[in-house]
Amino acid sequence: ADLDEAMPAYESAVKALATLDKKAVQEMKAFNNPPEMVKFTLEAVCILLDVKPDWSEAKRLLSQMDFMDTLKAYDKDNIPPRIIKKVEKYYKDPRFLPEEIKKQSSAAMCLCMWARAMVVYDRVAKAIEPKKQALREAEESLAKTMGELQAKKDALQQ
């Protein structure tokens, strides 16, 4: 059930990234003084990518040929807690919603969706990890018990 929350957000963010084209990225990069929420969104992206969260660094990222591939291949299963802690303030900001960001830039909206999806995915992944561990332990215990049962059944057959 927890993954039901994370996966749609993640999948819609990946779809949103797919709609981003070079022209939209160039449009963002062209801002000398970007609108507040475009800058805010790119700061969140910088934090997730573990680079300095400022506009010059964001423009450098946007200039990279593999920027979109970097986002698509992002290791969402291993986001360091210090990065989640830093990006949390962006996630919790009531202005940091795709529909709000879209008013300033549709390209930034896609990046906002991606950043928010990474935070949601991380939260859910950390919540289900203990459940996955408990399941592994229960399966191991069951396998051991079934092995013992089979050994006793075999002994009775003799």
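This structure is a prediction, so every number in the text was calculated from the model and none was measured.
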Undergrad: Restricting to pairs with a member in residues 96-110, which pass salt bridge (charged side-chain N to carboxylate O under 4.0 Å, His left out), not counting sequence neighbours?
TA: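 For residues 96-110, and leaving out neighbouring residues, the salt bridge (charged side-chain N to carboxylate O under 4.0 Å, His left out) pairs sorted by first residue read E100-K103.
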
Undergrad: What closest approach, in Å, do C112 and P98 show between heavy atoms, and which atom pair accounts for it?
TA: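 What the structure gives for the nearest pair is SG-N, 3.7 Å.
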
Undergrad: Distance from L42 atom CG to F31 atom CZ, nearest 0.5 Å?
TA: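 Rounded to the nearest 0.5 Å, the CG-CZ separation comes to 10.0 Å.
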
Undergrad: Donor-acceptor check, side chain of S141 to backbone of E137, threshold 3.5 angstrom: yes or no?
TA: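 No; judged by distance alone, with no hydrogens or angles, the pair does not exist.
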
Undergrad: With rounding to the nearest 0.5 Å, note down the distance linking CD in E148 to CE in M146.
TA: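 With rounding to 0.5 Å, CD (E148) is 11.0 Å from CE (M146).
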
Undergrad: Calculate, to the nearest 0.5 Å, the distance between atoms CG and NZ belonging to L149 and K152 respectively.
TA: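 Answer rounded to 0.5 Å: 8.5 Å.
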
Undergrad: Which residues pass the side chain to side chain contact (heavy atoms under 4.5 Å, CB included) test with Q150, not counting sequence neighbours?
TA: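 Testing Q150 for side chain to side chain contact (heavy atoms under 4.5 Å, CB included), a comparison that skips the adjacent residues, returns K153, D154.
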
Undergrad: For the side-chain contact (heavy atoms from CB on, under 4.5 Å) test, which of Q104, M109, E27 pairs with V38?
TA: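 Option passing the side-chain contact (heavy atoms from CB on, under 4.5 Å) with V38: Q104.
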
Undergrad: Quick one: closest heavy-atom pair of I83 and I79, and the distance?
TA: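 Heavy atoms of I83 and I79 come nearest at CG2-CG2, 3.9 Å.
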
Undergrad: Applying ring-ring contact (aromatic ring centres under 6.0 Å, His included) as the test, list every pair that has at least one member in residues 51-74; sequence neighbours left out.
TA: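 ring-ring contact (aromatic ring centres under 6.0 Å, His included) check on residues 51-74 returns Y74-W114.
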
Undergrad: I need the L61 CG to D66 CG distance, nearest 0.5 Å.
TA: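 If we round to the nearest 0.5 Å, L61:CG and D66:CG are 9.5 Å apart.
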
Undergrad: Is the closest side-chain heavy-atom distance between M113 and R116 below 4.5 Å?
TA: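 They are not in contact (no side-chain heavy atoms under 4.5 Å apart), so the answer is no.
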
Undergrad: Tell me every residue that passes side-chain hydrogen bond (donor to acceptor under 3.5 Å, both in side chains) with N33, counting only those two or more places apart in sequence or in another chain.
TA: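 Expected list: none.
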
Undergrad: When rounded to the nearest 0.5 angstrom, what is the spacing between CG in L62 and CE in M28?
TA: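 The CE atom of M28 is 5.0 Å from CG of L62, to the nearest 0.5 Å.
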
Undergrad: Under the salt bridge (charged side-chain N to carboxylate O under 4.0 Å, His left out) rule, what pairs show up with a residue in residues 35-47, not counting sequence neighbours?
TA: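 Counting only pairs at least two positions apart or across chains, the salt bridge (charged side-chain N to carboxylate O under 4.0 Å, His left out) contacts touching residues 35-47 are E36-R95.
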
Undergrad: Under 3.5 Å, which donor-acceptor pairs do the side chains of residues 45-54 form with other protein atoms, sequence neighbours left out?
TA:
{"residue": "D50", "atom": "OD1", "partner": "R82", "partner atom": "NH1", "Å": "3.1"}
{"residue": "D50", "atom": "OD2", "partner": "R82", "partner atom": "NH2", "Å": "2.8"}
{"residue": "K52", "atom": "NZ", "partner": "D54", "partner atom": "OD2", "Å": "3.4"}
{"residue": "D54", "atom": "OD1", "partner": "S56", "partner atom": "N", "Å": "3.4"}
{"residue": "D54", "atom": "OD1", "partner": "S56", "partner atom": "OG", "Å": "3.2"}
{"residue": "D54", "atom": "OD1", "partner": "E57", "partner atom": "N", "Å": "2.8"}

Undergrad: Do I101 and L111 come within less than 4.5 Å of each other through their side chains, counting heavy atoms only?
TA: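 No; the side chains remain at least 4.5 Å from each other.
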
Undergrad: Would Q26 and K29 count as a side-chain hydrogen bond (donor to acceptor under 3.5 Å, both in side chains) if you check the C-alpha gap in whole Å, the side-chain angles of each, and the deciding distance to 0.1 Å?
TA: CA-CA 5 Å; Q26 293 295 338; K29 212 170 59 175; 3.3 Å; yes

Undergrad: In terms of ring plane angle, is the pair Y90 and F40 parallel, tilted or perpendicular, where the classes change at 30° and 60°?
TA: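 Rings of Y90 and F40: tilted, as their planes differ by 30° to 60°.
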
Undergrad: Drop me the distance from Q158's CD to L156's CG, to the nearest 0.5 angstrom.
TA: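 If we round to the nearest 0.5 Å, Q158:CD and L156:CG are 9.5 Å apart.
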
